[in-house]
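The block underneath contains the structure these notes are about, expressed in structure tokens.
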Amino acid sequence: MSSEFDERVRRAGQIGALGSSPWGNRFDGAQPIGPVASSFGVETEGKSFTVAGRVTAHRSFGKAVFLDVRDRTGKVQVYARQDALRSSWELFKHVGIADWIGVTGTLGKTRTGEITLFATEIALLTKALRPLPEKWHGLQDPELRHRRRYLDLIANPKVLETFQKRSRMLSEMRRFLDARGYLEVETPVMHSIAGGAAARPFVTHHNALDRDFFLRIALEIPLKKLLVGGFEKVYEIGRVFRNEGIDTRHNPEFTMLELYHALGDLRTMMELCEGLVVHLAKEIAGGLTLPYGEKVIDLAPPWPRKEFYDLLREHGFDPADQEQLRTELRKRGIDPAKMDAWEVLDEIFGEVVQPQIVNPVFVTAQPIEMTPLCRRIDGRPAHADRFEAYVAGMEISNAYTELNDPIEQRARLEEQAAGDASKTDHDFLRAMEHGMPPAGGIGVGIDRLAMILTNNPSIREVILFPLLREADSGAEE
RNA sequence: GAGGACGUAGCUCAGUGGUAGAGCAACGGUCUUUUAAACCGUGGGCCGAGGGUUCGAGCCCCUCCGUCCUCACCA
């Protein structure tokens, strides 16, 4: 048990004894702190303002106190003195760091020049029973920062800024797409067959139906059914779940944008991808030249288009020379024995080429085997009409000219299912047999894009509550 | 899954085998323009959990839990 907790409970009781609630109700008339503070000038000096927020610092001089009060928009100093507050002074003596208060006061400057609200009235809105993290080291422990994100957001202003940017990123994305005539839809999270990507799914169980379902690993399949149904320009922004490892670029649940554009193709998606990312960078990151860790990323379009095989050659590998490639993998401690030829190529690409990409590159014309839902390049059947957009060594986007031949689609899905009919999505194939228009489609990893736009090195820094093991309950309290 | 690092007060951290510490936060006091306010005083610990070695363990050994990093996995 924490004695500070007990002390604060005692305080709350004293506040109650003064006839006031330590946990107040609705508070009207508060203006955002940031704009109020920055409005200081001849117009506003001496005028009365009301703000509300959390007390983040408390400098007491007995019969006068300086407070820092913070809301989502900023921070302002409040000066409270006994003779100005009169009757509410007794109550105010029980206000401390971490409490929520509402303040009415006149705007001015102290003699050290700090913009200050000289309080005429203070209301206690919520008494906090637990303390805030320490005031200048803040909350450092990454485990506590992620488990108790609410404290992280209070203690580390940059964290709040990151998540505000992420929020704006999502709304800008919707604005951008809506303005171009794309319709947002919602499709099921629980699937009978986990399709649209190759990843291990999470399994869940429906009791009344007594059967298992998979949490979706991609949005692709239902969105393509909507293409068949006549949603010609459609997108979904949603959570997908992959039951795989966790590291700085992977969280088991993450957010994807997937979008389909009937009558378009890969080129349509390149323009969209470039345009969208450029728009977001301008709106969220303030420009196209972004610091990212030690690097600087230049997002200026047009992004270079490079074929997969050409990139391998540029890095000194002959895509046709499997022996050379396999030797290189072994040198890197990777065993290629069970890999198909295309898997070796993909592995080399991931090892050698991908980490070296800093500025955005559209990598195109990958081996067709990697992508059962992608159309072959017309006249080049071994190559997928696909791009992956890489930035800062990360894949942030993956797009196809979509395969709309239902006969080939069935063959490729059945081949992938390797004879297990239960793994073939017959309803998807049936939909395609009704005629899916030619289309371009794209997926964008929202979390990774957020990492780049907010200059954060780990996906956990852009997900409010990243997956952690359950804390040892004995460690609580 | 493998290797490494870490886990001590609410927070940030000292403490390499001999009486558990500091700063901030909290509480009491002085103080009506401070900026990490200052000063005086007080309280606060299953040292992640369990086992072992030892006269004696926060410290050494083992197991477990958790976090981070690197690698592996990851169309």
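Keep in mind that what you see is a predicted model, and the values were worked out from it rather than measured. Every chain is numbered from 1, with letters handed out A, B, ... down the list of sequences.
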Worksheet entry | Candidates B/rU33, B/rU12, B/rG28 - which lies nearest the side chain of A/Arg81 | B/rU33
Worksheet entry | Pairing of A/Glu7 and A/Arg10 as salt bridge, 4.0 angstrom limit | yes
Worksheet item: Do the side chain of A/His137 and the base of B/rC11 come within less than 3.5 angstrom through a donor-acceptor pair of N or O atoms?
Response: no
Discussion item. In whole Å, I'd like the distance from the CZ atom of A/Arg147 to the P atom of B/rU67.
Written reply: 5 Å
Worksheet item: Quick one: do A/Asp447 and A/Arg460 make a salt bridge, cutoff under 4.0 Å?
Response: no
Item to complete: Scan A/Gln77 against the nucleic acid and name what it touches under 4.0 Å (heavy atoms): base, sugar-phosphate only, or nothing.
Response: base
Discussion item. In whole Å, I'd like the distance from the CG atom of A/Asp335 to the C1' atom of B/rC73.
Written reply: 14 Å
Response to the item:
Walking RNA chain B from its 5' end, the first of A/Arg59 and A/Ala197 to be reached, judged by nearest nucleotide, is A/Arg59
Discussion item. Any side-chain to backbone donor/acceptor pair from A/Thr56 onto A/Val69? Under 3.5 Å, distance only.
Written reply: no
Fill in: Among B/rU32, B/rU70, B/rU67, the nucleotide that comes nearest once only the side chain of A/Thr248 is considered
B/rU70
Response to the item:
Among the nucleotides B/rA25, B/rU67, B/rA72, whichever has the atom closest to the side chain of A/Leu468 is B/rU67
Discussion item. Looking at B/rC55, which nucleotide sits across from it as a Watson-Crick or G-U wobble partner, both distances under 3.5 angstrom, or is there none?
Written reply: B/rG18
Item to complete: Pick the P atom in B/rC68 and in B/rU30, then give their distance to the nearest Å.
Response: 47 Å
Practice prompt. Using atom CG of A/Asp141 as one end and atom P of B/rC24 as the other, report the distance to the nearest whole Å.
Written response: 22 Å
Worksheet item: So which nucleotide from B/rC31, B/rC13, B/rG23 ends up closest to the side chain of A/Gln140?
Response: B/rC13
Worksheet item: Looking at B/rU32, does its base get a donor-acceptor pair with the side chain of A/Asp83 below 3.5 Å?
Response: yes
Discussion item. Checking base pairs now: Watson-Crick or wobble, both atom distances under 3.5 Å. What partners B/rA72?
Written reply: none
Worksheet, complete the sentence: Contacts of A/Phe66 and A/Glu347 projected onto RNA chain B by closest heavy atom; the upstream (5') one is A/Phe66
Worksheet item: Centres of the A/Tyr390 and A/Phe349 rings: under 6.0 Å?
Response: yes
Discussion item. Can you check the distance between B/rG21 and B/rA38, where both ends of the measurement are the P atom (answer in whole Å)?
Written reply: 24 Å
Practice prompt. Pick the C1' atom in B/rA72 and in B/rC59, then give their distance to the nearest Å.
Written response: 34 Å
Fill in: Closest to the A/Glu4 side chain, choosing from B/rC68, B/rA25, B/rC74
B/rA25
Fill in: N or O in side chain of A/Arg460 less than 4.0 angstrom from B/rC69 OP1/OP2
yes
Practice prompt. Can you tell me, in whole Å, how much space there is between the C1' of B/rA20 and that of B/rU32?
Written response: 41 Å
Practice prompt. Indicate whether OP1 or OP2 belonging to B/rA25 is found under 4.0 Å from a side-chain N or O atom of A/Arg130.
Written response: no
Discussion item. In whole Å, I'd like the distance from the NE2 atom of A/His58 to the C1' atom of B/rA38.
Written reply: 15 Å
Item to complete: Quick one: label A/Phe254 by what it contacts on the DNA or RNA (base, sugar-phosphate, nothing), any heavy atom closer than 4.0 Å.
Response: nothing
Discussion item. Counting only Watson-Crick pairs (N1-N3 plus N6-O4 or O6-N4) and G-U wobbles (N1-O2, O6-N3), all under 3.5 Å, who is the partner of B/rG66?
Written reply: B/rC6
Fill in: Euclidean distance for C1', B/rG4 against B/rC40 (whole angstrom)
48 Å
Item to complete: Rounded to whole angstrom, note down the P distance from B/rG58 over to B/rU8.
Response: 15 Å
Worksheet item: Of the candidate nucleotides B/rA37, B/rU70, B/rU12, which contains the atom at the shortest distance from the side chain of A/Leu144?
Response: B/rU12
Worksheet item: Got a donor-acceptor contact below 3.5 angstrom from the A/Arg410 side chain to the A/Asp405 backbone?
Response: no
Discussion item. Looking at A/Glu307 and A/Arg380, is any side-chain nitrogen of the basic one under 4.0 Å from a carboxylate oxygen of the acidic one?
Written reply: yes
Worksheet item: Between B/rA26, B/rA72, B/rG28, which one does the side chain of A/Ile334 approach most closely?
Response: B/rA72
Discussion item. Roughly how many Å apart are B/rA5 and B/rC61, using the P atom of each and rounding to a whole number?
Written reply: 11 Å
Worksheet entry | Residues A/Arg59 and A/Asp68 bridged, charged N to O under 4.0 Å | yes
Worksheet item: Just to confirm, is there a sub-4.0 Å distance from OP1 or OP2 of B/rA25 to any side-chain nitrogen or oxygen of A/Lys135?
Response: yes
Practice prompt. Could you work out the separation of B/rA37 and B/rA25 based on their C1' atoms and round it to a whole Å?
Written response: 15 Å
Worksheet entry | Any donor-acceptor N/O pair, A/Arg54 side chain to A/Ala98 backbone, under 3.5 Å | yes
Worksheet entry | Test: A/Glu351 and A/Arg332 ion pair at under 4.0 Å | yes
Worksheet item: Within the structure shown, what part of the strands sits under 4.0 Å from A/Glu134 by heavy-atom distance: base, sugar-phosphate, or nothing?
Response: base
Worksheet item: Can you check the A/Lys63 NZ to B/rU34 P distance for me, whole Å?
Response: 18 Å
Worksheet item: For A/Phe61 and B/rA37, do the ring centres fall under 5.5 Å apart while the planes stay under 30° apart?
Response: yes
Practice prompt. Salt-bridge test for A/Asp427 and A/Lys225: reply yes if a basic N is under 4.0 Å from a carboxylate O, no otherwise.
Written response: yes
Worksheet item: Atom CZ of A/Arg8 and atom C1' of B/rG44: how far apart are they, to the nearest Å?
Response: 15 Å
Item to complete: Provide, to the nearest angstrom, the distance between the NZ atom belonging to A/Lys331 and the C1' atom belonging to B/rC71.
Response: 19 Å
Item to complete: Could you check which of B/rG23, B/rA25, B/rC11 has an atom nearest any side-chain atom of A/Arg148?
Response: B/rC11
Practice prompt. Output the single nucleotide from B/rA36, B/rU32, B/rA26 whose closest atom is nearest the side chain of A/Ala64.
Written response: B/rU32
Discussion item. So A/Glu351, base contact, sugar-phosphate only, or nothing? Heavy-atom distance under 4.0 Å.
Written reply: sugar-phosphate
Worksheet item: What is the base-pairing partner of B/rA37, counting Watson-Crick and G-U wobble geometry with both distances under 3.5 Å?
Response: none
Practice prompt. Assign A/Arg145 to base, sugar-phosphate, or nothing according to its heavy-atom contacts below 4.0 angstrom with the strands shown.
Written response: nothing
Discussion item. Once hydrogens and angles are ignored, does a donor-acceptor distance under 3.5 Å link the base of B/rU33 to the side chain of A/Arg111?
Written reply: no
Item to complete: Determine the contact category for A/Arg11: base if any of its heavy atoms lies under 4.0 Å from a base atom, sugar-phosphate if only primed atoms, P, OP1 or OP2 are that close, otherwise nothing.
Response: sugar-phosphate
Worksheet item: Is there a side-chain polar atom (N or O) of A/Arg469 under 4.0 Å from OP1 or OP2 of B/rG66?
Response: yes
Fill in: Donor-acceptor pair (no angle test) under 3.5 Å: A/Glu114 side chain, B/rU33 base
no
Discussion item. Nearest whole Å is fine: how far is B/rC74 C1' from A/Met394 CE?
Written reply: 15 Å
Practice prompt. May I ask you to say what A/Gly96 touches in the nucleic acid, namely base, sugar-phosphate or nothing, with a heavy-atom cut-off under 4.0 Å?
Written response: nothing
